Amino acid sequence: MTRAREVTVSPPVTGTVPNPAGRSVLVQYLALALTWGASFLFIKVALTGLSPAQTVLGRLALGALALNVIMLVTRRRWPRQPVFWGHMGVIALMLCVVPFLLFAWAGQYIPSGLSSIYNATTPLMTMLVTLAALRQERLGAAGVLGLLLGAAGVVVVLAPWNLGAQTGPWWAQAACLGATFCYGLSFAYTRRFVFAYGHDVPTIAAAQVTVAALIMLVLSPLLAAGPVRLDLPVVASMAALGVFGTGLAYVWNTSVIARWGAATASTVTYLTPLVGVVLGVVVLGETLTWNQPLGAVIVVVGIMTGQGVISSFRPWPGRRSR
């Protein structure tokens, strides 16, 4: 196996000259935050006419369709290594099928904004799994502090002193943490076994989502049977969740990483809980308790600390600190 080469693209500093490419990436970055932050709103609306498994089947099918169209339009070739497709089966389960089912199931019992807050723990889960699974990576003092802060933030959001009163049962909230733990496992697995094949991110995304859609299709007689009620809000939510949240978002994410770098691109995680909570309150009339935004802030600070964002903060390019 050949090791994939990492390429970092650093945008030039252009002063005040307008940069159309930079504006385009900014639009994609904001679209990512809006789409991923609104995903839990779409799930909540979809559940009014579909079961959790039906919601997952629909979003994966639509996401696979969108990514297959991208593969066709960009004339990308599908991978041919059998072992690679075996890894895709594992990734499809850990990154798509299982966490999507957990979030959709939990969405029946807890507010969509709370789900989006728990989704923001993904980088913390990734750090934790990476520490355990990848021996070559070690957490320094900042990483340990970040994990501790993130764990404290999760406890504040979970509110063990007031379980089930307004935010839903603890086991539904635990399901969201189980979903983000699956994300952490899948990211570590992808880094360990998938990137070595040298395929670009859109190709890997198309492969994993397509395999996940096929898995859900096979499981649908067991999991997705039952009545279906399709009205305009349900159909619109599924279209947005599938085509944008599970399809085009991967392409936008790749573009942002290529232009701004992985560290800056990962900061979209800080915005998605804000979008999710605001949409839940404004659109669905969900109740926001004091501990949820406080816990979300602690989680975000923990993520920023663990990733070295706070310690590496510098003034804006072109300005000297005084």
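Just so you know, residue 1 is the first one in the sequence shown, and it goes up from there. None of the values given here were measured: they were computed from a predicted structure. Any value given below was found using the heavy atoms of this structure, including those in side chains, with hydrogens, waters and symmetry copies removed.
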Trainee: Not counting sequence neighbours, which residues clear ring-ring contact (aromatic ring centres under 6.0 Å, His included) with F84? List them please.
Mentor: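 F84: ring-ring contact (aromatic ring centres under 6.0 Å, His included) contacts with Y197, H199.
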Trainee: Could you list who else is in V98's hydrophobic cluster, with ILVMFWY side chains joined at under 4.5 Å, directly or through other members?
Mentor: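 Traced through the cluster, V98 reaches L102.
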Trainee: Taking all atoms of both residues into account, what is the closest heavy-atom pair of G280 and S112, and its distance?
Mentor: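 Closest heavy-atom pair between G280 and S112: CA-OG, 3.7 Å.
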Trainee: If you define the side chain from C-beta out and look only at heavy atoms, does anything of T287 sit under 4.5 Å from P111?
Mentor: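 No, side chains not in contact.
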Trainee: Can you check whether W171 and Y109 have ring centres sitting under 6.0 Å from each other?
Mentor: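 Yes - the distance between ring centres of W171 and Y109 falls below the 6.0 Å cut-off.
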Trainee: Which pairs with one or both residues in residues 217-229 pass side chain to side chain donor-acceptor pair (under 3.5 Å), sequence neighbours excluded?
Mentor: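 Sorted result for residues 217-229: R229-D231.
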Trainee: Can you tell if the side chain of L177 reaches within under 4.5 Å of the side chain of M125, non-hydrogen atoms only?
Mentor: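 Yes. Closest side-chain heavy atoms under 4.5 Å.
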Trainee: I need the single residue from L95, T55, V56 that forms a side-chain contact (heavy atoms from CB on, under 4.5 Å) with F100. Which is it?
Mentor: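 Per the side-chain contact (heavy atoms from CB on, under 4.5 Å) rule, the option paired with F100 is V56, out of L95, T55, V56.
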Trainee: In chain order, what residues pass the side-chain contact (heavy atoms from CB on, under 4.5 Å) check against Y189, with sequence neighbours excluded?
Mentor: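 Here the qualifying residues are H87, V90, I91, M94, F193.
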Trainee: Just to verify, what does T122 make a side-chain contact (heavy atoms from CB on, under 4.5 Å) with, not counting sequence neighbours?
Mentor: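 side-chain contact (heavy atoms from CB on, under 4.5 Å) check on T122 returns N119, T126, T180, Y183, F187.
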Trainee: Check whether any side-chain heavy atom of P52 lies under 4.5 Å from a side-chain heavy atom of L47, and answer yes or no.
Mentor: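 Yes, close enough: below the 4.5 Å cut-off.
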Trainee: Have a look at L41 and tell me which of V278, L279, L241, V275 forms a side-chain contact (heavy atoms from CB on, under 4.5 Å) with it.
Mentor: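 In the set V278, L279, L241, V275, the residue that makes a side-chain contact (heavy atoms from CB on, under 4.5 Å) with L41 is L279.
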Trainee: Holding to side-chain contact (heavy atoms from CB on, under 4.5 Å), I want the full list of residues that pass it with W78, two or more places apart in sequence or in another chain.
Mentor: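 So W78 forms a side-chain contact (heavy atoms from CB on, under 4.5 Å) with N68, M71, W85, A206, A207, T210.
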Trainee: How long is the straight-line distance from CD of Q208 back to CG of L93, given to the nearest 0.5 Å?
Mentor: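 The CD atom of Q208 is 11.5 Å from CG of L93, to the nearest 0.5 Å.
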Trainee: Which heavy atom of A172 sits nearest to which heavy atom of I110, and what is that distance?
Mentor: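 The pair with the smallest heavy-atom distance is CB-CG2, 3.7 Å.
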Trainee: Please check if I43 and L274 belong to a single hydrophobic cluster, counting links between Ile, Leu, Val, Met, Phe, Trp and Tyr side chain heavy atoms closer than 4.5 Å.
Mentor: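 No, it is not one cluster - the side chains of I43 and L274 are not joined through contacts under 4.5 Å.
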